[in-house]
Protein chains: 2
Amino acid sequence: MSEKTMDLRRVGLKVTHPRLQILRLLEQTDPERKHLTADEIYRLLNEQGEEIGLATVYRVLSQFEQACLVRKHMFDDGSGRPMQACYELHDGDHHDHMVCLETGDVIEFVDEEIEERQREIANRHGYDIVEHSLVIYVKPKKSA
Amino acid sequence: MSEKTMDLRRVGLKVTHPRLQILRLLEQTDPERKHLTADEIYRLLNEQGEEIGLATVYRVLSQFEQACLVRKHMFDDGSGRPMQACYELHDGDHHDHMVCLETGDVIEFVDEEIEERQREIANRHGYDIVEHSLVIYVKPKKSA
DNA sequence: ATTTATGCAAATAGTTTGCACACGT
DNA sequence: ACGTGTGCAAACTATTTGCATAAAT
C-alpha cells in the first residue's frame, strides 16, 4: 500500500483516483515549481490524460488543506491580474516565501531572527500570534 | 482649494464628487479601522447619503492605487471566507500589518531588523527586493 | 449495501467593463 | 464644447454548490 494511500487513510479520506493524482502531482513537481494553482493542477492532470473535473480539484484541495496535507497561499504578484490561490504539499515545517516576479519561481526560507522579532512585536502589543505570512517579491539582481 | 482637491490635481485626476468623498472617508476613519474594503466604502458613503455606485468605488480606488494615493492589501484572514481587497491611504512610508482575528483591528508597524534580514536573504539568493508583504494574524493575549 | 466522491452545470462573490448620460474644465 | 467620469446592468473570473451518477469501503 503506497505512502499516498496511507496519507489519505490517515486523514479519513477515501482513496480515490483524483485524490491520488493530485497528491502525485504535488509531490512530483520540482522545488521552485511546486506551488500550483487549482487551474494548473486541473490542466496538468488533463494533459496527462487524467479526466478530472475542475470542481473536484477545488474540492480535493480544500479537503487536503483542512487535513493539513497541503498549504494554501495567496501570492499577490502586485501586477493587477486576478489573484489565484496556489497550493503546495505541507511538509510540517513553517517557512516563508520569496517570489520572483520575472520567472515565477518560489523560494522558501526561514529566518529565526525574523520569527523572533514578530513574536516580540505581537507581544508588545498584547497579542499572541496565530499565524503569519511573509512574502518577498523579488527580481534577479542585475550583475554588472 | 482643499488639500484633497490638490491631491487629485497633482495626479492628473479630475476633481469629482465621488473621488473627494472616497478620499474623505479614507482620511477620516480612525487608525485601527482605516483599512476599508470597496464594499465598506460603498456602504458607508451611501449611508451618509452620498449616492455613489459600487463600480465607481472600484474604479476610483484602482485609479488611486495607480496614482499611489492608496495602498491595496489582501488580508487572508485564514478563515476560509472569500477574500476581499482593502484599501488605506498611502502615507509614503512602508509598514507591515498585524491583523487581530477577533476584532478585525489592523495595527501597523515597522521593524528595521526584519527589513534588514529580508534584504540579506534576497541578496544571498541573488535577488533584489521589489516589494514585500508581512502580515501577522493575532489574537488578544489571555491575561491570566 | 452504504456511504462518500465525482462530474457537470448552475450559482455565487468580488471585481471589471460597455454604454449612454452627466459633470468638470 | 470637449474630454472624463459616473451609474447601471451585464460580463468576467475564481471558486463553490446541487444533484444524479459512480466509485470506494
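Throughout, a chain's letter reflects where its sequence line sits, starting with A, and its residues are numbered from 1.
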Can you give me the N/O atom pairs linking the protein to nucleotides 22-25 of chain C at distances under 3.5 Å, or say none if there are none?
unit_1 : atom_1 : unit_2  : atom_2 : d
C/dT25 : OP1    : B/Arg9  : NH2    : 3.1
C/dT25 : OP1    : B/Val15 : N      : 3.3

Might you list the N or O atoms of the protein lying below 3.5 Å from N or O atoms in nucleotides 7-11 of chain C, with each pair's distance?
unit_1 : atom_1 : unit_2  : atom_2 : d
C/dG7  : OP1    : A/Glu51 : O      : 2.7
C/dG7  : OP2    : A/Gly53 : N      : 3.0
C/dG7  : OP2    : A/Thr56 : OG1    : 2.5
C/dG7  : N7     : A/Arg59 : NH2    : 2.7
C/dG7  : O6     : A/Arg59 : NH1    : 3.3

Pairs under 3.5 Å (N/O, protein and nucleotides 20-22 of chain D):
none

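In this structure, the separation between NE2 on A/His17 and OG1 on A/Thr56 is 11.5 Å, given to the nearest 0.5 Å. Note that the CG atom of B/Leu36 and the CD atom of B/Gln84 stand 11.5 Å from one another [nearest 0.5 Å]. Between atom CZ of residue B/Arg10 and atom CD of residue B/Glu3 there is a gap of 9.0 Å, rounded to the nearest 0.5 Å. Once rounded to the nearest 0.5 Å, the distance linking OG1 of A/Thr103 with CD of A/Glu32 reads 8.0 Å. Here the straight-line distance linking atom NE2 of A/His125 with atom SG of B/Cys100 works out to 12.5 Å at 0.5 Å rounding.
Contact check, A/Tyr58 against D/dT15: a side-chain N or O comes under 4.0 Å of OP1 or OP2.
Distance B/Lys72 NZ to C/dT16 C1': 11 Å, rounded to the nearest Å. Atom CG of A/Asn46 and atom P of C/dT6 are 14 Å apart (whole Å). The separation between A/Gln66 atom CD and D/dT16 atom C1' is 13 Å, rounded to whole Å. Atom CD in B/Gln84 sits roughly 14 Å away from atom C1' in D/dA14 (whole-Å rounding). The CE atom of A/Met83 sits 9 Å away from the P atom of D/dT15 (whole-angstrom rounding). B/Leu45 has its CG atom 12 Å from the P atom of D/dT6, to the nearest Å. Nucleotide D/dT15 holds its P atom 13 Å from the CG atom of A/Leu36, rounded to whole Å. One atom, CD of A/Glu50, and another, P of C/dT6, lie 13 Å apart when rounded to the nearest Å.
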Applying side chain to side chain contact (heavy atoms under 4.5 Å, CB included) to B/Arg19 and B/Ile22, what does each step give before you reach the verdict? CA-CA 5 Å; B/Arg19 303 217 253 241; B/Ile22 291 172; 6.0 Å; no
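Using a distance-only test at 3.5 Å, with no hydrogens or angles considered, a donor-acceptor pair links the side chain of A/Glu40 to the main chain of A/Thr37.
Counting heavy-atom neighbours within 6.0 Å of B/Glu51 CD, excluding the residue itself, gives a total of 12 or less.
Of all the heavy atoms in A/Val130 and B/Lys139, the pair that sits closest is CG2-CG, 3.7 Å. Nearest heavy atom pair, residue B/Cys86 against residue B/His35, reads SG-CB, 3.9 Å.
Side-chain contact of B/Gln28 with B/Arg24: a donor-acceptor pair under 3.5 Å is present, judged by distance alone.
Qualifying ring-ring contact (aromatic ring centres under 6.0 Å, His included) partners for B/His132, counting only residues two or more places apart in sequence or in other chains: B/His94.
Listed by first and then second residue, the salt bridge (Lys or Arg N to Asp or Glu O under 4.0 Å) pairs that reach into residues 98-108 of chain B are B/Arg33-B/Asp105, B/Lys34-B/Glu108, B/Glu102-B/Lys142, sequence neighbours excluded.
Ring geometry, B/His73 versus B/Phe75: the interplanar angle falls under 30°, so the pair is classed parallel (tilted spans 30 to 60°).
Inter-axis angle, ends of the helix from C/dA1-D/dT25 to C/dT25-D/dA1, five pairs per end, rounded to 10 degrees: 30°.
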